[in-house]
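Taking it in order: structure first as structure tokens, then the write-up.
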Amino acid sequence: MALLAAAIAAPLSAATLVVRSAGPSAGAYPPGKVLQPTAKLALKANDLVTLLDEHGTRTLRGPGSFTATATAAADADGGNTAIAALVSQRGDRRVRIGAVRGVESDTGRPPNIWFVDASRAGTVCVANPAAANLWRPGSEAPAKTMIASVTGASKATVDWSPGQAVQAWPSALPIAEGARYRLTTGTAAPVEIRMTLSGEPKPDVQGMASALIAKGCTAQLDQLVETTAAATKASGGAN
């Protein structure tokens, strides 16, 4: 299917990746596990395993025996576009020229997984430190985001205009492996993020998901998987 055509190329595109697992067999199928096309999954009662492959996502519910490879689903141009926008690096470079107004998703999450979410704590994968961007939800009103290093004295303030959702990450705050920052936007509770450098995104969605799992970037992984699942469903595939 052409659902993931804009994002899939070579490395893991022929394999199936476990992206979520729960239940008694979770230890046998941890997130990040690569399954070859001929692999069989033997699931017990209450098992829940989500797989990602070139056709999209599938959620398997035990008990039962399942194959790792799904059958191809129909094309879905809308889903293909959504995934391409979500992982695009061109969007990052474009918004660095100036603040982008009105760029906001309907899900309360960034429209691009490489944007740093000013409202969410956790580990954040940064693909390109030179083109990193900060995103905020609820961009209707003006606001300020105070950013301070957890381990040093560096700090910066980001001023948001009404309707402004994306800005370049402050140049005064270095993005390095393990850098930790505390972000406070308006009267919201502070959130602490830890940055990790994920490098150039893989050309296939499975490769991107694998890298996010390895780096512990849970929020970005969840968004990638959920967007892919929605595209799979829209195409008539199983998810």
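All figures in this text were calculated on a predicted structure; none of them were measured in a lab.
- In terms of heavy atoms, Ser25 sits closest to Ala42 at OG-O, 4.1 Å.
- Under the 4.5 Å side-chain criterion, counting only non-hydrogen atoms from C-beta, Pro142 is not in contact with Ser161.
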*asked:* Evaluate Ile147 against Thr157 for side-chain contact (heavy atoms from CB on, under 4.5 Å), listing each step before the verdict.
replied: CA-CA 6 Å; Ile147 309 175; Thr157 299; over 6 Å; no

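- Side-chain heavy atoms closer than 4.5 Å link hydrophobic residues (I, L, V, M, F, W, Y) into clusters, and following such links, even through other members, never connects Val124 to Val150.
- To the nearest 0.5 angstrom, Glu54 atom CD is 8.0 Å from Thr16 atom OG1.
- Considering every non-hydrogen atom in both Ile213 and Gly32, the closest pair reads CD1-N, 3.4 Å.
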*Just do the side-chain contact (heavy atoms from CB on, under 4.5 Å) check on Leu35 and Leu41 with the steps written out, would you?*
CA-CA 9 Å; Leu35 303 174; Leu41 293 81; 3.8 Å; yes

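- For Thr69 (side chain) and Pro37 (main-chain N/O), a donor-acceptor pair under 3.5 Å exists by modelled atom type.
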*Would Gln220 and Met208 count as a side-chain contact (heavy atoms from CB on, under 4.5 Å) if you check the C-alpha gap in whole Å, the side-chain angles of each, and the deciding distance to 0.1 Å?*
CA-CA 10 Å; Gln220 289 159 290; Met208 277 186 275; over 6 Å; no

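- In summary, the side chains of Ser139 and Trp160 do not present any donor paired with an acceptor at a separation below 3.5 Å, with no hydrogens or angles considered.
- When all heavy atoms are compared, the tightest approach of Val19 to Ala209 is CG1-CB, 4.2 Å.
- The distance from atom CZ of Arg61 to atom CZ of Phe66, rounded to the nearest 0.5 Å, is 9.5 Å.
- Checking side-chain atoms of Gln167 against main-chain N and O of Leu134 turns up no donor-acceptor pair under 3.5 Å.
- Here ring-ring contact (aromatic ring centres under 6.0 Å, His included) pairs that include residues 175-198, with residues two or more places apart or in two chains, are Trp169-Tyr181.
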*asked:* Applying side-chain contact (heavy atoms from CB on, under 4.5 Å) to Arg136 and Val158, what does each step give before you reach the verdict?
replied: CA-CA 11 Å; Arg136 64 157 178 161; Val158 175; over 6 Å; no

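- Although no hydrogens or angles enter the test, the distance criterion places a donor-acceptor pair under 3.5 Å between the side chain of Gln223 and the main chain of Pro110.
- Summarising the geometry of Ala132 relative to Ile175, their closest heavy-atom pair is CB-CD1, 3.3 Å, with the distance given to 0.1 Å.
- The shortest side-chain heavy-atom distance between Glu226 and Thr57 does not fall under the 4.5 Å cut-off.
- Under the disulfide bond (SG atoms under 2.5 Å apart) criterion, the residue pairs touching residues 108-175 are Cys125-Cys217, with sequence neighbours excluded.
- Here the OG1-CG distance, from Thr50 to Leu17, works out to 11.0 Å after rounding to the nearest 0.5 Å.
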Side chains of residues 191-198: which donor-acceptor partners sit under 3.5 Å, not counting sequence neighbours?
unit_1, atom_1, unit_2, atom_2, d
Glu192, OE1, Arg182, NH2, 3.4
Glu192, OE2, Arg180, NE, 3.1
Glu192, OE2, Arg180, NH2, 2.7
Thr196, OG1, Glu177, OE1, 3.2
Thr196, OG1, Glu177, OE2, 2.7
Thr196, OG1, Lys215, NZ, 3.3
Ser198, OG, Val126, O, 3.4

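- Environment of CG in Asp159: crowded, with over 12 heavy atoms of neighbouring residues, nucleotides or ligands closer than 6.0 Å.
- Annotation: the span from Asp222 atom CG to Arg20 atom CZ amounts to 4.5 Å, rounded to 0.5 Å.
- Across all non-hydrogen atoms, the minimal contact from Asp47 to Ala26 is OD1-N, 4.3 Å.
- In this structure a side-chain-to-backbone donor-acceptor pair under 3.5 Å is present from Asn133 to Ala131.
- Here the side chain of Ser210 pairs no donor or acceptor atom with the backbone of Gln206 at under 3.5 angstrom.
- Clustering ILVMFWY residues whenever any of their side-chain heavy atoms sit less than 4.5 angstrom apart, transitively, puts Met146 in a cluster other than the one holding Leu173.
- Tyr29 and Leu48 fall into different hydrophobic clusters, where Ile, Leu, Val, Met, Phe, Trp and Tyr residues are linked whenever their side-chain heavy atoms come under 4.5 Å apart, directly or through other members.
- For the residue pair Pro24 and Ala45, the shortest heavy atom distance occurs at CG-O, 3.4 Å.
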